[in-house]
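Everything below concerns the one structure shown next.
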Amino acid sequence: MNTPSKVTAQHLQRAAYLYIRQSSLHQVFENTESTERQYALRRRAVALGWAEDRIVVIDHDQGQSGASAIDRAGFQRLVADVGLGKAGIVMGLEVSRLARNCADWHRLLEICGLTHTLILDEDGLYDPGHYNDRLLLGLKGTMSEAELHVLKARLVGGVLNKAQRGELKMPLPIGFIYDEEDRVILDPDQQVQQSLRMFFTTFERVGSAWSTVQTFRREGWKFPKRGQAGSGEVAWQELTHAATLDTLHNPRYAGAFCFGRTRSWKDIDGKQHVQILPRDQWRFLKPDVHSGYLTWDQFLSHEKRLLENQQCQGGARHAGPPREGPSLLQGLVICGKCGRAMTVCYHHRFGRLSPDYLCQKRCIEEAEAACQRIPGAGIDEAVGRLLVQSVTPLTLEVALNVQAEIQTRLAEADRLRRQQLQRAQYEADRARVRYMRVDPNNRLVADTLEAQWNEKLRLLAQAKDDYEAQQRADSAQLTDEQRSKIMALAADFPTLWHSPATADRDRKRMARLLLEDVTLRRDQEIIVQIRFKGGARQELRLPLPKSAWALRKTKPEIIAEIDRLLDSHTEMEVAQLLKERGWHSSAGNPFTQRMVHALRYAYHLKTRLTRLRSQGLLSPEEIGPLIGSVPSRVNYWRLTGVLKAVKTGAGNGYVYYKPSEADIALIHRRRLERTQKKVHNTQASL
Ligand SMILES: [Zn+2]
């Protein structure tokens, strides 16, 4: 079957392809014997009739796994050349290892069959165009893939067994190392340990990953990082947000062993994907396997905290870290109707940012109307007042705690920075020793070492400067600014609370220090139930805030005063009087006659005319008959001063006091005199 007769002149016209591959770099270096065997195939090809220079060697894929044809440029070239009919024969050591993946292998066989290309391995020569040979080659491919599978299963099985016992040796995060007996211990480098402890206490204090990063940067603290896979020297770097999250989410810091936190797979293009699994889907998790920096409970509470901080995830939104907005109770408010956490939204009201507390969980999740919406400005104010009232007995204790905390923090930070300094000193010393030890005649090495020593000395000087500058800053802060602030807090919480210099965020922090939660319910009034830390409760009832039109309403006292003044003054005079008293409308404008008129009309106050008429004053039409005159002449008697009248308001209208008998007699007498005079004048002119 495997006779050389399979090789025809047609085959010999084309080139012979020798495919050489070692699947791992390890094999490339260690397994030179098999490479030798692969090159021996070359001699077989020559024996079969191919000229030496017609043998094409493909060895690009050294060190690549055969599990997929992707990323194996050599294999792809081989398939392409076979497809183009350039190859008369393909040679490989155990040809089935050309491709460890059955699909790739069968594709190659198919193409070889179509292009009449022979296949040669150590066992023999095959013609894929013949049914028997193809069957055999197909079987070889299947066996090869099966072998790979068994091998893998055995390896994975071993790994899983070890992992189940928590003994699998895995790359450790910074802060841990393996001792001589492969047990996990804390990194003996004190600086690394201190940094990690500082990291976790900082997170517990500030409550968010982002603020932790900020604190580290502000204080100039570096965070340790080891080279790849947990080996190599420690590098000190700026703390990043990604490193913060990695560290907080890594259960090893709580002394737990875990395996299978991620799932990885290759897609159709051979691209690797990694997915992080939720904790309940991890393969193995064994708490308390080795010593750590946290307790398991602490680790869980950190995770919970991080989850709560994810505001946009639609998860439990309750009690996120305090944000910048002015709303005092953000994160503390619970809906009194459905018991869910309420969110804050802001709107502008009279030029100021004003919070509304909104229960919209259902409205987001189930597309229903918002459960309730409560204007928050009044509530914040009332709760703030309550805090100021109730905080007094606590004040001193809070202040002392704050002071103690700041002091320990400063001491810790100082220790950390001193260690950084010590490290620089140590490295400088080492560089000096290295330089001292070198043979002075070896100029090249001596120069390099001297340069290194100088560099270390420069770094040391810089570290010293930094340390001293920071220490000065710390002590200055504590003695003057902070101490006085603490004393101020102890002495006068209300001042601090009301001070415009106190940021909303800080006010929120104080509120959170004192309050557990606040439940809101909107009814005829707003019912505010406040739960203090430690269980004390208090209920406030606040009126619903007035709507915009109600707020613009003129105060009732002003309306009453206008009503009173109208008895004896015109609208114009009333406006003038109010202006003289410095009164203003609700919109803050001085009063005018038009405004008084509009208010009189709106509040259905009696007109001036009605008032005067009800006092018994008479219209010109009523006066006319009394004095025996026409109404249009009545005005004449007012101007001559005989009739007393009062201006009604706008225009030239007057109403008249009832004339006495004497007045009427006077009018008659005057009229008589005037008639006599007229008669006399007429006679004189005649
Ligand atoms: Zn609700």
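Counting starts at 1 for both ligands and their atoms, following the listed order. Since we're looking at a predicted model, the values are computed, not measured.
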Report the protein N/O/S neighbours of the Zn ion (ligand 1) that fall below 2.8 Å; do not count waters.
C335 SG, C338 SG, C359 SG, C371 SG

Pair Y293 + F176: ring centers closer than 6.0 Å
yes

So for atom CZ, which belongs to R283, do other residues, nucleotides or ligands contribute more than 12 heavy atoms lying within a distance under 6.0 Å?
no

Roughly how far, to the nearest 0.5 Å, is the CD atom of E539 from the CD1 atom of I530?
9.0 Å

Counting only heavy atoms not in R594 (residues, nucleotides, ligands), do more than 12 fall under 6.0 Å from its CZ?
no

Show which side-chain atoms of residues 242-258 pair as donor or acceptor with protein atoms under 3.5 Å away, not counting sequence neighbours.
{"residue": "T244", "atom": "OG1", "partner": "T240", "partner atom": "O", "Å": "2.7"}
{"residue": "T247", "atom": "OG1", "partner": "A243", "partner atom": "O", "Å": "2.6"}
{"residue": "H249", "atom": "ND1", "partner": "E303", "partner atom": "OE2", "Å": "2.7"}
{"residue": "N250", "atom": "OD1", "partner": "R252", "partner atom": "N", "Å": "3.1"}
{"residue": "R252", "atom": "NE", "partner": "H290", "partner atom": "NE2", "Å": "3.3"}
{"residue": "R252", "atom": "NH2", "partner": "H290", "partner atom": "NE2", "Å": "3.4"}
{"residue": "Y253", "atom": "OH", "partner": "I174", "partner atom": "O", "Å": "2.7"}

Tell me whether R522 contacts the main-chain N or O of R373 through its side chain, where contact means a donor paired with an acceptor under 3.5 Å.
yes

